[in-house]
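Note that the structure is predicted; figures quoted are calculated from it, not measured.
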Amino acid sequence: MGTKELHYRAYRPRPFTKEERPRTTILFGGLTWKHERLIQGSLERMGYRSMPLPQIERQDLDIGKEFIDVGACCPTTFTAGNLARTLMTLKEKEGEEALKNNYLFVTIGACGPCRFGQYHESYERVLEGMNLKDFRLFLLDLLQMEQSAPGGGLEISMPLTFGLVYSMFYGDLITDMEHATRPYEVVEGSTDAVVKDSVELLYEKLRNRPIKGKKIDSLLWHVFTGYFVDALKEVRRLWDEVEVDRLRVKPRVKITGEFWLQTHEGDGNYNMKRWLEKEGAEVIPPPVAVWMDYLINMELFKLEDAKGFVKKYYLKKFAVESIARLYRMVYNKLRKALNNIPNPMPDQRKLKDLARPYFHYRLTGGEGHMLIGKALYAYKNKQAHMICELSPYGCLPNTMSVGAMAKVLGDYPDLLYAPIEVKGDAEVHAYSRCQMILTEAKRRAKEEFEQVLEKTGLTVEEIRNFEEDHPELRKATYRVPHYGYAGTASNYAMHVAKLMGKI
(Lines give C-alpha, C1' and ligand atoms only; values in the text may rest on other atoms or scores of the structure.)
Protein backbone atom coordinates (compact mmCIF):
# COMPACT_ATOMS: atom_id res chain seq x y z
CA MET A 1 0.00 0.00 0.00
CA GLY A 2 1.55 3.27 -1.06
CA THR A 3 1.81 6.27 1.21
CA LYS A 4 0.92 9.79 0.24
CA GLU A 5 3.55 12.38 1.08
CA LEU A 6 2.16 15.53 2.61
CA HIS A 7 3.84 18.91 2.34
CA TYR A 8 3.08 22.06 4.24
CA ARG A 9 2.48 24.90 1.85
CA ALA A 10 2.73 28.41 3.16
CA TYR A 11 0.51 31.07 1.67
CA ARG A 12 1.90 32.33 -1.61
CA PRO A 13 0.04 35.20 -3.24
CA ARG A 14 -0.54 35.29 -6.96
CA PRO A 15 1.80 37.73 -8.74
CA PHE A 16 0.77 41.35 -9.16
CA THR A 17 2.01 42.58 -12.53
CA LYS A 18 2.68 46.08 -13.81
CA GLU A 19 -0.05 45.62 -16.40
CA GLU A 20 -2.57 45.11 -13.57
CA ARG A 21 -1.52 48.25 -11.70
CA PRO A 22 -3.97 50.74 -13.31
CA ARG A 23 -7.01 48.64 -12.39
CA THR A 24 -5.88 47.26 -9.01
CA THR A 25 -6.51 48.97 -5.68
CA ILE A 26 -4.04 48.53 -2.84
CA LEU A 27 -5.73 48.15 0.55
CA PHE A 28 -3.75 49.08 3.65
CA GLY A 29 -4.35 50.15 7.25
CA GLY A 30 -3.11 50.12 10.83
CA LEU A 31 -2.47 53.81 11.54
CA THR A 32 -4.67 56.85 12.20
CA TRP A 33 -6.96 58.18 9.47
CA LYS A 34 -4.61 61.17 9.15
CA HIS A 35 -1.52 59.06 8.48
CA GLU A 36 -3.45 56.80 6.12
CA ARG A 37 -4.88 59.67 4.06
CA LEU A 38 -1.36 61.08 3.64
CA ILE A 39 0.05 57.66 2.72
CA GLN A 40 -2.70 57.45 0.11
CA GLY A 41 -1.40 60.69 -1.42
CA SER A 42 2.15 59.30 -1.62
CA LEU A 43 0.98 56.06 -3.23
CA GLU A 44 -1.18 57.87 -5.78
CA ARG A 45 1.76 60.09 -6.74
CA MET A 46 3.63 56.93 -7.78
CA GLY A 47 0.77 55.72 -9.92
CA TYR A 48 -0.99 53.33 -7.53
CA ARG A 49 -4.68 53.14 -6.80
CA SER A 50 -5.05 52.84 -3.04
CA MET A 51 -7.67 52.77 -0.32
CA PRO A 52 -7.22 52.70 3.48
CA LEU A 53 -9.26 50.17 5.40
CA PRO A 54 -12.22 51.75 7.24
CA GLN A 55 -11.61 52.98 10.77
CA ILE A 56 -11.56 50.25 13.41
CA GLU A 57 -14.91 49.64 15.11
CA ARG A 58 -15.96 47.49 18.05
CA GLN A 59 -17.56 44.94 15.70
CA ASP A 60 -14.12 44.19 14.21
CA LEU A 61 -13.09 42.51 17.46
CA ASP A 62 -16.03 40.07 17.23
CA ILE A 63 -15.43 39.42 13.53
CA GLY A 64 -11.73 38.83 14.13
CA LYS A 65 -12.44 36.25 16.84
CA GLU A 66 -14.38 34.19 14.31
CA PHE A 67 -11.35 33.80 12.07
CA ILE A 68 -8.13 33.76 14.12
CA ASP A 69 -6.61 32.29 17.26
CA VAL A 70 -8.80 33.15 20.26
CA GLY A 71 -5.66 33.81 22.29
CA ALA A 72 -4.41 36.50 19.91
CA CYS A 73 -3.82 39.95 21.30
CA CYS A 74 -6.49 42.57 20.67
CA PRO A 75 -4.51 44.57 18.06
CA THR A 76 -4.19 41.39 15.96
CA THR A 77 -7.86 40.52 16.42
CA PHE A 78 -9.07 44.05 15.68
CA THR A 79 -6.96 44.44 12.53
CA ALA A 80 -7.77 40.94 11.25
CA GLY A 81 -11.48 41.62 11.86
CA ASN A 82 -11.17 44.97 10.13
CA LEU A 83 -9.66 43.29 7.05
CA ALA A 84 -12.40 40.62 7.10
CA ARG A 85 -15.15 43.27 7.34
CA THR A 86 -13.63 45.16 4.42
CA LEU A 87 -13.40 42.06 2.24
CA MET A 88 -16.99 41.08 3.10
CA THR A 89 -18.23 44.53 2.12
CA LEU A 90 -16.31 44.57 -1.17
CA LYS A 91 -17.37 41.02 -1.99
CA GLU A 92 -21.01 41.86 -1.44
CA LYS A 93 -20.74 45.08 -3.41
CA GLU A 94 -18.58 44.03 -6.37
CA GLY A 95 -18.56 40.22 -6.38
CA GLU A 96 -15.91 37.65 -5.48
CA GLU A 97 -14.04 37.67 -8.80
CA ALA A 98 -13.77 41.46 -8.85
CA LEU A 99 -12.50 41.38 -5.27
CA LYS A 100 -9.77 38.84 -6.12
CA ASN A 101 -8.69 40.54 -9.34
CA ASN A 102 -9.06 44.23 -8.57
CA TYR A 103 -7.84 44.48 -4.97
CA LEU A 104 -4.88 43.36 -2.89
CA PHE A 105 -3.80 43.96 0.70
CA VAL A 106 -0.35 45.15 1.75
CA THR A 107 1.00 44.90 5.27
CA ILE A 108 4.40 45.08 6.93
CA GLY A 109 6.14 42.71 9.29
CA ALA A 110 9.02 42.40 11.70
CA CYS A 111 10.51 39.79 13.99
CA GLY A 112 10.94 39.37 17.74
CA PRO A 113 8.75 38.26 20.65
CA CYS A 114 5.88 40.59 19.73
CA ARG A 115 2.96 39.15 17.77
CA PHE A 116 3.51 41.85 15.17
CA GLY A 117 5.78 39.41 13.36
CA GLN A 118 2.83 37.04 12.96
CA TYR A 119 0.09 39.50 12.04
CA HIS A 120 0.23 38.39 8.42
CA GLU A 121 -0.41 34.81 9.54
CA SER A 122 -3.67 35.98 11.10
CA TYR A 123 -4.61 37.78 7.89
CA GLU A 124 -3.98 34.55 5.99
CA ARG A 125 -6.38 32.75 8.36
CA VAL A 126 -8.96 35.40 7.42
CA LEU A 127 -8.49 34.57 3.73
CA GLU A 128 -8.79 30.83 4.47
CA GLY A 129 -11.89 31.37 6.57
CA MET A 130 -13.54 33.39 3.83
CA ASN A 131 -12.42 30.93 1.14
CA LEU A 132 -10.45 33.71 -0.52
CA LYS A 133 -7.06 32.03 -0.87
CA ASP A 134 -6.67 33.57 -4.32
CA PHE A 135 -6.92 37.06 -2.86
CA ARG A 136 -3.47 38.67 -2.84
CA LEU A 137 -1.84 39.65 0.43
CA PHE A 138 1.73 40.94 0.36
CA LEU A 139 4.05 41.19 3.35
CA LEU A 140 6.74 43.86 3.06
CA ASP A 141 9.84 44.39 5.17
CA LEU A 142 9.56 47.47 7.36
CA LEU A 143 13.27 48.27 7.15
CA GLN A 144 13.85 47.90 3.40
CA MET A 145 13.83 51.14 1.43
CA GLU A 146 13.68 49.29 -1.88
CA GLN A 147 11.74 46.06 -2.45
CA SER A 148 9.05 44.63 -4.67
CA ALA A 149 6.21 42.14 -4.46
CA PRO A 150 6.11 39.05 -6.73
CA GLY A 151 5.18 40.08 -10.27
CA GLY A 152 6.74 43.54 -10.14
CA GLY A 153 3.43 45.40 -9.92
CA LEU A 154 4.24 46.77 -6.49
CA GLU A 155 7.67 48.37 -6.29
CA ILE A 156 8.85 50.16 -3.18
CA SER A 157 11.39 52.57 -4.62
CA MET A 158 13.36 55.33 -2.90
CA PRO A 159 10.98 58.11 -4.05
CA LEU A 160 7.99 56.16 -2.71
CA THR A 161 9.77 55.34 0.56
CA PHE A 162 10.59 59.01 1.14
CA GLY A 163 6.99 59.92 0.34
CA LEU A 164 5.84 57.45 2.99
CA VAL A 165 8.33 58.85 5.52
CA TYR A 166 7.01 62.39 4.96
CA SER A 167 3.45 61.05 5.26
CA MET A 168 4.41 59.69 8.66
CA PHE A 169 6.08 62.94 9.70
CA TYR A 170 3.11 65.03 8.57
CA GLY A 171 0.65 62.74 10.34
CA ASP A 172 2.62 62.96 13.57
CA LEU A 173 2.96 66.74 13.47
CA ILE A 174 -0.73 67.34 12.79
CA THR A 175 -1.62 64.92 15.59
CA ASP A 176 0.62 66.82 18.00
CA MET A 177 -0.97 70.14 16.96
CA GLU A 178 -4.41 68.60 17.43
CA HIS A 179 -3.82 67.38 20.97
CA ALA A 180 -2.02 70.56 22.04
CA THR A 181 -4.95 72.66 20.81
CA ARG A 182 -8.29 70.86 21.25
CA PRO A 183 -8.33 70.89 25.10
CA TYR A 184 -8.01 74.68 24.98
CA GLU A 185 -10.07 75.60 21.89
CA VAL A 186 -12.51 78.45 22.48
CA VAL A 187 -14.90 77.39 19.72
CA GLU A 188 -15.78 73.73 20.12
CA GLY A 189 -15.04 71.74 16.97
CA SER A 190 -12.64 74.31 15.50
CA THR A 191 -9.62 72.03 16.02
CA ASP A 192 -11.20 69.04 14.31
CA ALA A 193 -12.16 71.22 11.34
CA VAL A 194 -8.62 72.55 10.95
CA VAL A 195 -7.13 69.06 11.31
CA LYS A 196 -9.30 67.89 8.43
CA ASP A 197 -8.36 70.88 6.26
CA SER A 198 -4.66 70.44 7.11
CA VAL A 199 -4.64 66.77 6.17
CA GLU A 200 -6.38 67.46 2.86
CA LEU A 201 -3.91 70.25 2.05
CA LEU A 202 -0.94 67.99 2.80
CA TYR A 203 -2.54 65.09 0.91
CA GLU A 204 -2.61 67.27 -2.23
CA LYS A 205 1.01 68.30 -1.65
CA LEU A 206 2.13 64.69 -1.39
CA ARG A 207 0.01 63.67 -4.35
CA ASN A 208 1.60 66.35 -6.52
CA ARG A 209 5.15 66.40 -5.18
CA PRO A 210 7.98 66.44 -7.75
CA ILE A 211 9.94 63.24 -8.31
CA LYS A 212 13.64 64.10 -8.39
CA GLY A 213 15.88 61.17 -9.31
CA LYS A 214 15.79 57.59 -8.07
CA LYS A 215 18.45 57.05 -5.39
CA ILE A 216 21.09 59.47 -4.02
CA ASP A 217 19.64 62.43 -5.88
CA SER A 218 16.20 61.52 -4.54
CA LEU A 219 17.63 61.33 -1.01
CA LEU A 220 19.32 64.72 -1.30
CA TRP A 221 16.22 66.39 -2.70
CA HIS A 222 13.94 65.05 0.02
CA VAL A 223 16.36 66.05 2.77
CA PHE A 224 17.17 69.56 1.59
CA THR A 225 14.15 70.74 -0.39
CA GLY A 226 11.91 73.45 1.01
CA TYR A 227 8.84 71.90 -0.64
CA PHE A 228 7.58 70.09 2.48
CA VAL A 229 8.34 72.98 4.84
CA ASP A 230 6.47 75.41 2.59
CA ALA A 231 3.45 73.11 2.70
CA LEU A 232 3.48 73.22 6.50
CA LYS A 233 3.72 77.01 6.46
CA GLU A 234 0.41 77.00 4.58
CA VAL A 235 -0.96 74.67 7.25
CA ARG A 236 0.25 77.01 9.98
CA ARG A 237 -1.87 79.82 8.55
CA LEU A 238 -4.94 77.61 9.02
CA TRP A 239 -4.04 77.02 12.68
CA ASP A 240 -3.46 80.75 13.23
CA GLU A 241 -7.22 81.16 13.10
CA VAL A 242 -7.91 78.82 16.02
CA GLU A 243 -8.36 80.69 19.32
CA VAL A 244 -7.31 78.96 22.52
CA ASP A 245 -7.65 79.58 26.25
CA ARG A 246 -4.52 78.22 27.91
CA LEU A 247 -5.67 79.27 31.39
CA ARG A 248 -7.77 76.11 31.62
CA VAL A 249 -5.88 74.07 34.20
CA LYS A 250 -5.51 70.51 32.92
CA PRO A 251 -3.23 67.58 33.76
CA ARG A 252 -0.96 66.50 30.94
CA VAL A 253 -1.07 62.77 30.26
CA LYS A 254 1.63 61.08 28.21
CA ILE A 255 0.48 58.03 26.27
CA THR A 256 2.91 55.11 25.99
CA GLY A 257 2.49 51.41 25.36
CA GLU A 258 2.32 48.87 22.56
CA PHE A 259 2.78 50.52 19.17
CA TRP A 260 -0.69 49.96 17.69
CA LEU A 261 -2.60 50.65 20.89
CA GLN A 262 -0.74 53.85 21.71
CA THR A 263 -1.06 55.34 18.20
CA HIS A 264 -4.61 54.13 17.50
CA GLU A 265 -7.54 56.55 17.72
CA GLY A 266 -10.80 54.67 18.05
CA ASP A 267 -12.58 51.67 19.52
CA GLY A 268 -9.40 49.56 19.40
CA ASN A 269 -8.06 51.24 22.54
CA TYR A 270 -11.41 52.38 23.98
CA ASN A 271 -10.83 55.74 22.28
CA MET A 272 -8.63 56.50 25.26
CA LYS A 273 -7.21 59.81 24.00
CA ARG A 274 -10.64 61.35 23.38
CA TRP A 275 -11.88 59.96 26.68
CA LEU A 276 -8.99 61.56 28.57
CA GLU A 277 -9.73 64.89 26.90
CA LYS A 278 -13.41 64.65 27.86
CA GLU A 279 -12.31 63.97 31.43
CA GLY A 280 -10.38 67.25 31.42
CA ALA A 281 -6.85 66.20 30.44
CA GLU A 282 -4.38 67.25 27.78
CA VAL A 283 -2.91 64.25 25.96
CA ILE A 284 0.66 63.94 24.70
CA PRO A 285 0.34 61.51 21.78
CA PRO A 286 3.15 59.14 20.75
CA PRO A 287 4.56 59.95 17.28
CA VAL A 288 5.24 57.09 14.86
CA ALA A 289 8.51 58.88 14.06
CA VAL A 290 9.92 58.04 17.50
CA TRP A 291 9.54 54.33 16.82
CA MET A 292 11.47 54.65 13.55
CA ASP A 293 14.12 56.65 15.38
CA TYR A 294 14.33 53.82 17.90
CA LEU A 295 14.88 51.23 15.15
CA ILE A 296 17.64 53.31 13.55
CA ASN A 297 19.41 53.89 16.86
CA MET A 298 19.14 50.23 17.86
CA GLU A 299 21.28 49.42 14.81
CA LEU A 300 23.81 51.93 16.11
CA PHE A 301 23.78 50.48 19.63
CA LYS A 302 24.23 46.93 18.31
CA LEU A 303 27.15 48.11 16.21
CA GLU A 304 28.79 49.74 19.23
CA ASP A 305 28.35 46.56 21.27
CA ALA A 306 30.17 44.54 18.61
CA LYS A 307 32.89 47.13 18.01
CA GLY A 308 35.79 44.68 18.34
CA PHE A 309 34.33 42.26 15.82
CA VAL A 310 33.07 44.60 13.09
CA LYS A 311 35.15 45.29 9.99
CA LYS A 312 35.26 48.96 8.98
CA TYR A 313 33.60 49.79 12.30
CA TYR A 314 34.12 53.55 12.17
CA LEU A 315 32.88 53.80 8.59
CA LYS A 316 29.73 51.83 9.40
CA LYS A 317 29.14 53.79 12.59
CA PHE A 318 29.50 57.05 10.69
CA ALA A 319 26.95 55.85 8.12
CA VAL A 320 24.33 54.89 10.73
CA GLU A 321 24.93 58.04 12.77
CA SER A 322 24.51 60.14 9.64
CA ILE A 323 21.16 58.50 8.89
CA ALA A 324 20.03 59.13 12.47
CA ARG A 325 21.12 62.78 12.33
CA LEU A 326 19.45 63.41 8.97
CA TYR A 327 16.25 61.81 10.24
CA ARG A 328 16.05 64.10 13.26
CA MET A 329 17.19 67.14 11.30
CA VAL A 330 14.32 66.76 8.82
CA TYR A 331 11.79 66.20 11.62
CA ASN A 332 12.96 69.30 13.50
CA LYS A 333 12.89 71.37 10.30
CA LEU A 334 9.25 70.42 9.84
CA ARG A 335 8.44 71.17 13.50
CA LYS A 336 9.93 74.63 13.10
CA ALA A 337 7.49 75.37 10.27
CA LEU A 338 4.73 74.95 12.88
CA ASN A 339 6.54 77.22 15.35
CA ASN A 340 7.88 74.17 17.23
CA ILE A 341 4.47 73.48 18.76
CA PRO A 342 4.76 69.72 18.03
CA ASN A 343 6.92 67.93 20.60
CA PRO A 344 10.56 67.12 19.77
CA MET A 345 11.63 63.49 19.60
CA PRO A 346 13.36 62.33 22.79
CA ASP A 347 17.06 61.50 22.59
CA GLN A 348 17.30 57.73 22.13
CA ARG A 349 20.58 57.48 24.00
CA LYS A 350 19.01 59.25 26.99
CA LEU A 351 16.03 56.87 26.87
CA LYS A 352 18.40 53.92 26.84
CA ASP A 353 20.43 55.25 29.77
CA LEU A 354 17.32 56.10 31.82
CA ALA A 355 15.86 52.65 31.28
CA ARG A 356 19.06 50.67 31.74
CA PRO A 357 18.88 50.10 35.53
CA TYR A 358 15.45 48.52 35.01
CA PHE A 359 15.28 47.17 31.45
CA HIS A 360 18.26 46.33 29.25
CA TYR A 361 18.08 47.83 25.79
CA ARG A 362 19.07 44.56 24.10
CA LEU A 363 15.80 43.02 25.28
CA THR A 364 14.12 44.03 22.06
CA GLY A 365 10.55 43.34 21.04
CA GLY A 366 7.62 45.69 20.93
CA GLU A 367 8.80 49.06 22.18
CA GLY A 368 11.66 47.47 24.15
CA HIS A 369 13.22 49.69 26.78
CA MET A 370 11.39 52.79 25.49
CA LEU A 371 8.37 52.28 27.73
CA ILE A 372 10.56 52.67 30.80
CA GLY A 373 12.71 55.38 29.23
CA LYS A 374 9.76 57.49 28.07
CA ALA A 375 8.06 57.37 31.48
CA LEU A 376 11.22 58.48 33.28
CA TYR A 377 12.04 61.08 30.61
CA ALA A 378 8.60 62.69 30.96
CA TYR A 379 8.78 62.56 34.76
CA LYS A 380 12.31 63.97 35.12
CA ASN A 381 11.80 66.69 32.51
CA LYS A 382 8.40 67.75 33.86
CA GLN A 383 6.66 67.00 30.59
CA ALA A 384 3.59 65.30 32.02
CA HIS A 385 1.71 64.83 35.28
CA MET A 386 0.83 61.23 34.47
CA ILE A 387 1.81 58.28 32.25
CA CYS A 388 -0.91 56.12 30.69
CA GLU A 389 0.51 52.90 29.26
CA LEU A 390 -1.75 50.95 26.89
CA SER A 391 -0.84 47.28 26.66
CA PRO A 392 -2.62 44.42 24.91
CA TYR A 393 -3.81 41.60 27.13
CA GLY A 394 -1.11 38.94 27.21
CA CYS A 395 1.53 40.97 25.33
CA LEU A 396 4.94 39.55 26.30
CA PRO A 397 7.10 42.69 25.75
CA ASN A 398 4.61 44.90 27.55
CA THR A 399 4.21 42.44 30.41
CA MET A 400 7.97 42.68 30.93
CA SER A 401 7.85 46.50 30.86
CA VAL A 402 4.98 46.70 33.33
CA GLY A 403 6.88 44.34 35.62
CA ALA A 404 10.00 46.51 35.41
CA MET A 405 7.92 49.60 36.19
CA ALA A 406 7.26 48.15 39.66
CA LYS A 407 10.90 48.79 40.51
CA VAL A 408 10.77 52.24 38.84
CA LEU A 409 7.80 53.21 41.00
CA GLY A 410 9.68 52.01 44.06
CA ASP A 411 12.48 54.45 43.22
CA TYR A 412 10.14 57.24 42.04
CA PRO A 413 6.97 56.97 44.16
CA ASP A 414 5.71 60.36 42.90
CA LEU A 415 5.51 59.12 39.31
CA LEU A 416 1.83 58.76 38.41
CA TYR A 417 1.56 55.64 36.26
CA ALA A 418 -1.59 53.99 34.91
CA PRO A 419 -0.94 50.67 33.17
CA ILE A 420 -4.06 49.83 31.18
CA GLU A 421 -4.41 46.30 29.87
CA VAL A 422 -6.61 46.43 26.79
CA LYS A 423 -8.74 43.42 25.87
CA GLY A 424 -11.01 45.31 23.53
CA ASP A 425 -14.23 44.62 25.41
CA ALA A 426 -13.65 45.86 28.96
CA GLU A 427 -13.66 49.64 28.61
CA VAL A 428 -15.46 50.30 31.91
CA HIS A 429 -12.67 48.59 33.83
CA ALA A 430 -10.02 50.52 31.85
CA TYR A 431 -11.72 53.88 32.37
CA SER A 432 -12.14 53.19 36.07
CA ARG A 433 -8.48 52.29 36.51
CA CYS A 434 -7.34 55.34 34.59
CA GLN A 435 -9.75 57.62 36.44
CA MET A 436 -8.16 56.80 39.80
CA ILE A 437 -4.74 58.03 38.69
CA LEU A 438 -6.19 60.94 36.71
CA THR A 439 -7.88 62.32 39.82
CA GLU A 440 -4.50 62.72 41.51
CA ALA A 441 -3.02 64.20 38.32
CA LYS A 442 -5.78 66.84 38.29
CA ARG A 443 -5.04 67.75 41.88
CA ARG A 444 -1.34 68.17 41.11
CA ALA A 445 -2.02 70.31 38.03
CA LYS A 446 -4.26 72.63 40.05
CA GLU A 447 -1.77 72.85 42.93
CA GLU A 448 1.07 73.58 40.49
CA PHE A 449 -0.91 76.42 38.85
CA GLU A 450 -1.74 77.98 42.22
CA GLN A 451 1.95 77.89 43.14
CA VAL A 452 2.80 79.74 39.92
CA LEU A 453 0.20 82.45 40.63
CA GLU A 454 1.57 82.85 44.15
CA LYS A 455 5.16 82.98 42.88
CA THR A 456 4.41 85.57 40.18
CA GLY A 457 1.86 87.55 42.19
CA LEU A 458 -0.50 87.44 39.23
CA THR A 459 -4.22 86.78 39.20
CA VAL A 460 -6.18 85.12 36.42
CA GLU A 461 -7.97 88.43 35.83
CA GLU A 462 -4.67 90.25 35.30
CA ILE A 463 -3.57 87.65 32.77
CA ARG A 464 -6.92 88.00 30.97
CA ASN A 465 -6.48 91.76 30.82
CA PHE A 466 -2.97 91.34 29.40
CA GLU A 467 -4.33 88.97 26.74
CA GLU A 468 -6.76 91.64 25.55
CA ASP A 469 -3.81 93.86 24.62
CA HIS A 470 -1.86 90.93 23.14
CA PRO A 471 -4.34 88.80 21.16
CA GLU A 472 -1.51 86.82 19.53
CA LEU A 473 -1.17 84.96 22.85
CA ARG A 474 -4.51 83.26 22.21
CA LYS A 475 -3.51 81.80 18.84
CA ALA A 476 -3.03 78.03 18.63
CA THR A 477 0.31 78.65 16.92
CA TYR A 478 1.70 80.83 19.71
CA ARG A 479 4.46 78.83 21.37
CA VAL A 480 4.68 78.87 25.16
CA PRO A 481 8.22 78.11 26.42
CA HIS A 482 8.77 75.44 29.05
CA TYR A 483 9.52 76.95 32.47
CA GLY A 484 9.94 73.68 34.32
CA TYR A 485 6.27 72.93 34.97
CA ALA A 486 4.31 70.00 33.56
CA GLY A 487 1.08 71.91 33.02
CA THR A 488 0.35 74.13 30.04
CA ALA A 489 -1.53 76.67 32.18
CA SER A 490 1.40 76.93 34.62
CA ASN A 491 3.98 77.52 31.90
CA TYR A 492 1.64 80.00 30.22
CA ALA A 493 1.17 82.00 33.44
CA MET A 494 4.94 82.09 33.94
CA HIS A 495 5.38 83.26 30.35
CA VAL A 496 2.85 86.08 30.74
CA ALA A 497 4.55 87.08 34.00
CA LYS A 498 7.84 87.33 32.13
CA LEU A 499 6.26 89.41 29.36
CA MET A 500 4.80 91.70 32.04
CA GLY A 501 8.17 92.01 33.74
CA LYS A 502 7.00 90.24 36.91
CA ILE A 503 9.88 87.71 36.88
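Residue pairs satisfying the salt bridge (Lys or Arg N to Asp or Glu O under 4.0 Å) criterion with at least one member in residues 42-55, sequence neighbours excluded, are listed as follows: E44-R207. Listed by first then second residue, pairs satisfying ring-ring contact (aromatic ring centres under 6.0 Å, His included) with a partner in residues 329-355 read F169-Y331, not counting sequence neighbours. For residues 429-440, the pairs satisfying salt bridge (Lys or Arg N to Asp or Glu O under 4.0 Å) are E440-R443, E440-R444, with sequence neighbours left out. Residues in residues 413-435 take part in these ring-ring contact (aromatic ring centres under 6.0 Å, His included) pairs, two or more places apart or across chains: W275-Y431. For residues 466-495, the set of pairs meeting the salt bridge (Lys or Arg N to Asp or Glu O under 4.0 Å) definition, not counting sequence neighbours, comprises E243-R474, R464-E467, E467-R474. Among pairs with a residue in residues 330-349, those fulfilling salt bridge (Lys or Arg N to Asp or Glu O under 4.0 Å) read E304-R349, at least two apart in sequence or across chains.
Inter-residue side-chain proximity for P285 and I255 is flagged as unmet; no heavy-atom pair is nearer than 4.5 Å.
For the salt bridge (Lys or Arg N to Asp or Glu O under 4.0 Å) test, no residue two or more places apart in sequence or in another chain qualifies with K352. For H470, the ring pair (Phe, Tyr, Trp, His ring centres under 6.0 Å) partners at least two apart in sequence or on another chain are F466. Residues passing the salt bridge (Lys or Arg N to Asp or Glu O under 4.0 Å) test with E389: none are found, sequence neighbours excluded. Scored by the salt bridge (Lys or Arg N to Asp or Glu O under 4.0 Å) test, K254 finds no partners at all (sequence neighbours excluded). Under the rule for a salt bridge (Lys or Arg N to Asp or Glu O under 4.0 Å), the partners of R328 that lie at least two apart in sequence or sit in another chain are D293.
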Donor-acceptor pairs under 3.5 Å, side chain of residues 495-503 to any protein atom, not counting sequence neighbours: which ones?
from	atom 1	to	atom 2	distance (Å)
H495	ND1	Y483	OH	2.9
H495	NE2	Y478	OH	2.7

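Side chain of Q40 to backbone of S50: a donor-acceptor contact under 3.5 angstrom is found. One N or O on the side chain of D60 and one on the backbone of E57 form a donor-acceptor pair closer than 3.5 Å. Here the side chain of Y227 pairs a donor or acceptor atom with the backbone of K205 at under 3.5 angstrom. The backbone N or O of R58 lies less than 3.5 Å from a partner atom in the side chain of D267, making a donor-acceptor pair. Formation of a donor-acceptor pair under 3.5 Å by the N297 side chain with backbone atoms of Q348 is not found in this model. Remark: side-chain polar atoms of N491 are not paired, donor with acceptor, to backbone N or O of H482 under 3.5 angstrom. Between the side chain of R248 and the main chain of E185, a donor-acceptor pair closer than 3.5 Å is present. Between the T181 side chain and the E178 main chain, no donor and acceptor come within less than 3.5 Å of each other.
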Side chain to side chain contact (heavy atoms under 4.5 Å, CB included) assessment of T263 paired with N269:
CA-CA 9 Å; T263 53; N269 63 3; over 6 Å; no
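Other residues, nucleotides and ligands place more than 12 heavy atoms under 6.0 Å from the NZ atom of K442.
For the residue pair S401/E367, the side-chain donor-acceptor check at 3.5 Å is not satisfied. Between the side chains of Y412 and K380, at least one donor-acceptor pair of N or O atoms lies under 3.5 Å.
In this structure, W221 has its ring center closer than 6.0 angstrom to the ring center of F228.
Among F301, F359, Y377, Y294, the single residue meeting the ring pair (Phe, Tyr, Trp, His ring centres under 6.0 Å) criterion with H369 is Y294.
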